[in-house]
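Encoded as structure tokens, the structure appears first; notes follow it.
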Amino acid sequence: MMSFAAVLQILIALAFVSIPVVRHRYGPQAKAAAEGELRRQGIPVTVLEENKIRFDAGGHETAVPATVAVVMVTLAVLNLAGAGLGVTLSWVFQPIVLLGNLLIIYSNLTAVKSVETAFRRKNDPVLARIDVRAFLKAAERGFPTWVMPGLQNVRHVVVLGGSLLVLAMLALSA
């Protein structure tokens with residue numbers, strides 16, 4: 001049973017690794033599309049750099065998914081080895097990954113409102129003029145159609161379903 005849990009944990013790790021891989025590969029196109037939308041709105045594209053708005057795999061867009069992937073692979077190795085520590089640590093980290101992914105889904109669903117709020121807080125008249133919905137939609141169009149919502153939804157199913165199955169297996173093996 002823990003071997004299957006380990007396989008699921010490896011799949012979850014791969015799902016998280018897909019985030020920076022896709023952003024690294026297609027982030028420049030997303031940035032170009034977002035810049036095009038800013039130009040259409042009469043907003044200087046320098047606003048992106050000035051406010052550290054990125055679409056690539058830099059910063060937390062790589063660090064967080066990579067850390068989750070390392071944790072999941074570590075748990076998988078421990079579980080495949082039959083180490084009791086793997087079960088204990090899975091009880092600790094699997095719910096964190098599950099909740100973290102729920103936060104990612106919430107963030108995706110409320111992106112427009114969140115970005116509008118963040119822009120307002122900056123009290124920057126240039127940011128205040130941006131049509132955030134159109135800006136984010138343009139950036140999304142910079143990614144291939146199979147990424148959003150396709151890969152994004154597959155990733156959520158793997159992480160949520162995999163995490164729930166791992167937790168169920170942990171409960172059944174207790």
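In this text, all values refer to a predicted model and were calculated from it rather than measured experimentally.
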Can you tell me if R133 has over 12 outside heavy atoms packed within less than 6.0 Å of its CZ? no

Relative to the ring of Y26, is the ring of W146 parallel (under 30°), tilted (30 to 60°) or perpendicular (over 60°)? perpendicular

Let's go through K31 and E49 carefully: what are the C-alpha distance in whole Å and the side-chain angles of both, what is the deciding distance for salt bridge (charged side-chain N to carboxylate O under 4.0 Å, His left out) to 0.1 Å, and is it a yes or a no? CA-CA 11 Å; K31 180 182 180 192; E49 288 296 319; 3.6 Å; yes

Criterion side chain to side chain contact (heavy atoms under 4.5 Å, CB included) on F16 and V71, from CA distance to verdict: CA-CA 11 Å; F16 272 92; V71 168; over 6 Å; no

Taking all heavy atoms of [X] and all of [Y], pick out the closest pair and write down the distance.
{"X": "V166", "Y": "Q9", "result": "CG1-NE2, 3.9 Å"}
{"X": "I12", "Y": "G162", "result": "CD1-C, 3.8 Å"}
{"X": "L80", "Y": "A6", "result": "CG-CB, 3.5 Å"}
{"X": "R155", "Y": "S18", "result": "NH1-OG, 3.2 Å"}
{"X": "A139", "Y": "A30", "result": "O-CB, 3.4 Å"}
{"X": "W91", "Y": "A171", "result": "CZ2-N, 3.6 Å"}

Please round to the nearest 0.5 Å and tell me the distance separating atom [atom1] of [X] and atom [atom2] of [Y].
{"X": "I53", "Y": "E35", "atom1": "CD1", "atom2": "CD", "answer": "11.0 Å"}
{"X": "S163", "Y": "F93", "atom1": "OG", "atom2": "CZ", "answer": "13.5 Å"}
{"X": "S3", "Y": "L8", "atom1": "OG", "atom2": "CG", "answer": "11.0 Å"}

Test item: R23 side-chain N/O and D56 main-chain N/O as donor-acceptor pair under 3.5 Å: yes

Counting only N and O atoms by type, is there a donor-acceptor contact under 3.5 Å from the side chain of Q41 to the main-chain atoms of D131? yes

Heavy-atom side-chain contact between [X] and [Y] under 4.5 Å:
{"X": "V17", "Y": "P65", "result": "no"}
{"X": "I105", "Y": "L160", "result": "yes"}
{"X": "L103", "Y": "L99", "result": "no"}
{"X": "K122", "Y": "N51", "result": "yes"}
{"X": "L38", "Y": "L48", "result": "yes"}
{"X": "M72", "Y": "Q94", "result": "yes"}
{"X": "Q152", "Y": "N108", "result": "yes"}
{"X": "V159", "Y": "L98", "result": "no"}

Show your reasoning for whether side chain to side chain contact (heavy atoms under 4.5 Å, CB included) applies to Q29 and F143. CA-CA 7 Å; Q29 288 99 299; F143 291 96; over 6 Å; no

Sidechain N-carboxylate O distance under 4.0 Å for K113, E116: no

Between H156 and N101, is any side-chain donor less than 3.5 angstrom from a side-chain acceptor? yes

Quiz question: by atom type and distance under 3.5 Å, do the side chains of S90 and N79 form a donor-acceptor pair? yes

Hydrophobic cluster identity match, [X] and [Y], side-chain contacts under 4.5 Å:
{"X": "V22", "Y": "M148", "answer": "yes"}
{"X": "F4", "Y": "L164", "answer": "yes"}
{"X": "V64", "Y": "V73", "answer": "no"}
{"X": "V92", "Y": "L75", "answer": "yes"}
{"X": "I43", "Y": "V132", "answer": "yes"}

Evaluate the side chain to side chain contact (heavy atoms under 4.5 Å, CB included) criterion for residues D124 and F119: first the C-alpha distance (whole Å), next the side-chain angles of each, then the deciding distance (0.1 Å), finally the verdict. CA-CA 7 Å; D124 181 334; F119 283 5; over 6 Å; no

Let me see the working for I96 and V68 under side chain to side chain contact (heavy atoms under 4.5 Å, CB included), right down to the final yes or no. CA-CA 10 Å; I96 293 170; V68 171; over 6 Å; no

